[in-house]
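Side-chain atoms are counted along with the backbone in the values below, which use heavy atoms only and exclude waters and symmetry mates.
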Amino acid sequence: MGLLDALLGRSKPVRPDLDQLFALPSAAITLQAGADLVPTGLGSVCFASVEGGAFKQLQRDVRQLLDTDRAGNSSRAGGTGGGTGAGGAGDAGGGVPVEFSRDEYGYTWLVARHEPEETVELVNDLHAVNTLLEENGFGPQLLCSLVGFRGAEETESEGAAARSLALVYLYKRGTFYPFAPRAGRKEKRDSALELQIRGLLTDDLPVEEDLGRWFPVWGAPGL
């Protein structure tokens with residue numbers, strides 16, 4: 001950071017550290033033990049919209065990347081490969097459990113689906129997709145990545161609204177924060193739950209200290 005930046009109070013942008021995503025499986029264990037929240041198997045990457053031919057090429061590249069990665073994992077495990085999730089908007093097939101969608105705010109979401117117990121595999125997919133986007137010049141468009149959680153079935157009393165939570169990774173900050181929308185209440189957050197999760201995950205994740213950056217992600221897939 002130069003002298004002029006220091007005098008004007010400007011700070012040098014934090015270099016994105018995508019390897020922070022690999023701390024999520026450990027955080028998932030902490031959430032289950034401390035808050036009865038379990039993974040949904042749903043993860044996503046959010047970025048500013050890419051249009052036209054560039055978007056179609058991006059879809060092909062992502063599918064090829066994840067298809068190759070899953071085939072390699074299946075081969076090493078003696079499996080047969082193939083995806084487990086259903087395709088959605090923009091799904092070109094190929095057995096890859098990934099889909100593209102756009103929310104009402106104009107952002108594009110790349111959504112990956114795994115079995116709930118496959119948090120490691122899900123995080124590997126998110127890391128690979130973020131890396132691909134970054135290496136292909138889409139880093140400035142990257143906003144955040146999410147991994148979804150819900151209240152464990154045994155803790156939800158009959159008739160009670162299920163809790164939902166996302167751990168949000170801020171690409172440009174290299175930090176995480178919890179986002180907990182209230183079930184059945186449009187654009188209302190469970191702030192108490194978010195603060196509880198912040199306390200639980202202090203030793204697992206670099207939690208964003210500036211609460212003003214805990215942006216709501218209304219319209220995120222799966223929430």
Side-chain angles (χ1 to χ4, degrees), residues 14 16-46 66 69-70 72-74 76-79 83-85 97-98 109-131 143-157 160-171 173-183 189-211 213-217 220-223:
V14 176
D17 182 7
L18 292 174
D19 286 353
Q20 298 283 9
L21 291 168
F22 293 131
L24 283 167
S26 174
I29 295 173
T30 299
L31 284 181
Q32 184 166 5
D36 288 320
L37 289 163
V38 296
T40 62
L42 182 69
S44 54
V45 178
C46 181
L66 297 186
D69 181 61
R70 287 176 63 82
N73 289 338
S74 296
R76 286 190 293 273
T84 60
V98 63
W109 292 86
L110 184 153
V111 185
R113 299 177 185 274
H114 280 265
E115 295 299 321
E117 65 273 12
E118 294 179 339
T119 304
V120 172
E121 291 82 358
L122 176 62
V123 168
N124 286 341
D125 282 356
L126 297 181
H127 185 278
V129 168
N130 274 283
T131 300
L143 299 177
C144 62
S145 295
L146 277 68
V147 171
F149 296 82
R150 60 170 174 78
E153 292 180 358
E154 63 269 22
T155 67
E156 302 295 343
S157 60
R163 294 174 300 157
S164 64
L165 176 85
L167 291 182
V168 184
Y169 174 75
L170 290 172
Y171 174 79
R173 300 279 293 177
T175 54
F176 295 83
Y177 67 90
F179 173 67
R182 286 190 178 274
R189 301 170 69 167
D190 189 341
S191 299
L193 178 58
E194 291 177 358
L195 294 175
Q196 176 193 0
I197 300 307
R198 178 182 66 173
L200 280 175
L201 297 181
T202 300
D203 294 331
D204 293 282
L205 300 174
V207 178
E208 175 58 49
E209 296 181 357
D210 183 356
L211 298 185
R213 294 183 182 274
W214 289 25
F215 305 113
V217 282
L223 289 178

What distance do [X] atom [atom1] and [Y] atom [atom2] have between them, rounded to the nearest 0.5 Å?
X      : Y      : atom1 : atom2 : answer
Asn124 : Leu66  : CG    : CG    : 10.5 Å
Leu200 : Leu195 : CG    : CG    : 11.5 Å
Leu211 : Arg198 : CG    : CZ    : 5.0 Å
Ser164 : Asp190 : OG    : CG    : 9.0 Å
Ser145 : Asp125 : OG    : CG    : 11.5 Å
Asn130 : Asp19  : CG    : CG    : 11.0 Å

Kindly write out the residues that satisfy side chain to side chain contact (heavy atoms under 4.5 Å, CB included) with [X], not counting sequence neighbours, or none if the list is empty.
X      : result
Ile29  : none
Pro116 : none
Leu42  : Thr40, Val111, Arg113

Looking at every heavy atom in both [X] and [Y], which two are closest together, and how far apart are they?
X      : Y      : answer
Pro25  : Thr119 : CA-CG2, 4.0 Å
Gln20  : Pro206 : OE1-CG, 3.5 Å
Val147 : Leu126 : CG2-CD1, 3.7 Å

Do the side chains of [Y] and [X] get nearer than 4.5 Å, heavy atoms only?
X      : Y      : answer
Leu167 : Ile197 : yes
Leu201 : Phe176 : no
Cys144 : Tyr169 : no
Arg150 : Leu165 : no
Val217 : Cys46  : no

Practice problem: Using atom types as modelled and distance alone, determine if a side-chain donor or acceptor of Arg163 lies under 3.5 Å from a backbone N or O of Asp36. | Solution: yes
For [X], all residues meeting side-chain hydrogen bond (donor to acceptor under 3.5 Å, both in side chains), sequence neighbours excluded:
X      : result
Trp109 : Asp103
Thr175 : Glu208
Glu194 : Arg189
Ser44  : none

Practice problem: Taking salt bridge (Lys or Arg N to Asp or Glu O under 4.0 Å) as the test, write out the residues that go with Asp210, two or more places apart. | Solution: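 By the salt bridge (Lys or Arg N to Asp or Glu O under 4.0 Å) rule, Asp210 matches Arg213.
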Quiz prompt | Contacts of type salt bridge (Lys or Arg N to Asp or Glu O under 4.0 Å), residue Asp204, not counting sequence neighbours | solution =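 With sequence neighbours excluded, Asp204 shows a salt bridge (Lys or Arg N to Asp or Glu O under 4.0 Å) to no residue whatsoever.
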Quiz prompt | Pairs where residues 18-43 contributes a residue and the test ring pair (Phe, Tyr, Trp, His ring centres under 6.0 Å) is met, not counting sequence neighbours | solution = Phe22-His127
Practice problem: Give me the ring orientation class for Tyr177 and Trp214: parallel if the planes are under 30° apart, tilted from 30 to 60°, perpendicular past 60°. | Solution: parallel
Quiz item: Looking at residues at least two apart in the chain, or sitting in another chain, which of them share a ring pair (Phe, Tyr, Trp, His ring centres under 6.0 Å) with Phe179?
Solution: Trp218
